[in-house]
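Structure first, then comments.
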Amino acid sequence: MYRGRIAPSPTGYLHVGHAATFWLAYRRARAANGVLVLRNEDLDPQRSRPEFARAMIDDLRWLGIAWQEGPDAGGPFAPYTQRERREIYLDEWKRLRQGGFVYPCSCSRKDLALAAAAPHENDANDDEPVYPGNCRGQRVNAAEPAGYNWRFRVPDGRAVQFTDLHCGPQQFIAGRDFGDFLVWRRDDVPAYQLAVVADDAAMQITEVVRGADLLKSTARQLLLIEALGLRRPEYFHCDLVRDSRGERLAKRHDALSLRELRRRGFTPQQVVAALEQPATLGQAFDRAT
Ligand code: GLU
């Protein structure tokens, strides 16, 4: 049984770049006669807002994307809003801690701000720098994660490999392409990598469809999946939508938000027709804006 998911973060209005990914996820779930789950990834307390969560559901519906499980629809794996799923993440943190896979880190505040969001949301740099490992040896007597940044100790030099259903064979070297990554922030917010792995497993997701900017995060997540003994889903990372200057649409958020296109009188059919041609999607709306 195919189970897919769309996992928007309510940190702004959805733009056509997001919509292209979600449309593809919807199409793949439908083609497989499967179930599509909508998950509200609202963990980042500084950037997530309830009005954006309402807007994303409304905009996705307007576009014609249908899901069978979600915050609005309920389902067997409720709740579907990450802020309401803390206990699930905490259980996984405890298992990582017991297994000796994570350590407390007291390094800079900057990392703190970065960890709740998926890496591509962190503006100019699509990914975090490799952590130099300063706190690797640090030991504390903590039964709860709050108060430290908890990092997953990656097996240095190990090649993490997977075959992406769209991008083909992938390989990232732990400790070189990415370093010890955060699983819990010191302000007691679970980090993106841990939450996504815990949720995809708990919601029995069989295929993850998302943007190619998260390919490297998949390598991190595979290490977490292995450490926690979870089932590995299939991955389909789609091409990122770019405008005619080759710039990612994410950076042109406002002009190309679904909200704005609706306001300008585009119909869902027109937007979907453009989404069906991701290679020329940026140009299609370039002309329109
Ligand atoms: N909430 C994440 C985002 O908006 C989802 C990433 C994922 O699909 O794993 O990018």
Side-chain angles (χ1 to χ4, degrees), residues 3-26 28-29 36-49 52-53 55-57 59-60 65 67 69-71 80-85 89 92 114-123 125-128 162 164-167 170 178 181-183 185 189-225 230 232-241 248-251 253 257-258:
R3 289 180 57 83
R5 53 37 158 215
I6 51 181
S9 298
T11 54
Y13 291 118
L14 294 182
H15 58 76
V16 291
H18 297 127
T21 302
F22 298 147
W23 184 256
L24 191 65
Y26 165 61
R28 288 184 66 80
L36 187 65
V37 173
L38 172 75
R39 189 164 71 222
N40 174 8
E41 301 215 324
D42 64 346
L43 280 181
D44 188 337
Q46 279 82 34
R47 301 175 64 211
S48 299
R49 293 215 232 118
F52 290 137
M56 78 197 182
I57 287 180
D59 288 343
L60 289 169
I65 293 181
W67 51 92
E69 298 172 26
Y80 292 91
T81 294
Q82 286 193 324
R83 253 187 239 188
E84 295 165 21
R85 298 176 62 78
Y89 312 137
E92 300 298 29
L114 300 181
H120 64 85
E121 294 184 87
N122 302 324
D123 65 55
N125 299 319
D126 277 351
D127 211 51
E128 63 188 44
F162 61 100
D164 187 80
L165 293 173
H166 180 62
C167 304
Q170 303 294 316
F178 63 94
F181 56 89
L182 289 167
V183 297
R185 308 192 331 185
V189 176
Y192 160 74
Q193 308 289 359
L194 178 63
V196 156
V197 161
D199 283 344
D200 286 341
M203 295 176 183
Q204 299 181 9
I205 299 303
T206 61
E207 184 180 280
V208 170
V209 177
R210 59 187 175 197
D213 47 349
L214 289 172
L215 275 167
K216 198 189 282 185
S217 278
T218 296
R220 298 181 176 100
Q221 290 169 24
L222 287 173
L223 291 175
L224 277 177
I225 286 171
L230 301 172
R232 175 172 173 157
E234 300 278 359
Y235 294 94
F236 186 110
H237 287 83
C238 21
D239 302 329
L240 299 177
V241 178
R248 275 182 52 196
L249 283 196
K251 311 210 166 114
H253 209 110
S257 70
L258 294 180

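Both counts, for ligands and for their atoms, begin at 1 and track the order of listing.
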*Tell me, please: is His18 in heavy-atom contact with ligand 1, that is, under 4.0 Å?*
no

*Is it true that a side-chain atom of Gln170 and a backbone atom of Cys167 form a donor plus acceptor pair closer than 3.5 Å?*
yes

*asked:* Counting only nitrogen or oxygen atoms and a 3.5 angstrom limit, does Pro8 reach ligand 1?
replied: no

*Would you mind listing which atoms of ligand 1 come within a distance below 4.0 Å of any non-hydrogen atom of Arg210?*
7 (C), 8 (O), 9 (O)

*Thr206 side chain vs Arg3 backbone, donor-acceptor pair below 3.5 Å*: yes

*Which of these passes side chain to side chain contact (heavy atoms under 4.5 Å, CB included) with Phe22: Asp59, Ile65, Leu36?*
Ile65

*Would you mind listing which atoms of ligand 1 come within a distance below 4.0 Å of any non-hydrogen atom of Glu41?*
1 (N), 2 (C), 5 (C)

*Of the backbone atoms (N, CA, C, O) and the side-chain heavy atoms from C-beta on, which set of Leu214 has a member under 4.0 Å from an atom of ligand 1: side chain, backbone, both, or neither?*
side chain

*At a 4.0 Å threshold, what atoms of ligand 1 neighbour a non-hydrogen atom of Tyr192?*
6 (C), 7 (C), 9 (O)

_Pair His237, Asp213: side-chain N/O donor-acceptor within cut-off below 3.5 Å_ = no

*In a check of side chain to side chain contact (heavy atoms under 4.5 Å, CB included) between Arg5 and each of Val209, Leu38, Val196, Asp199, which one passes?*
Val196

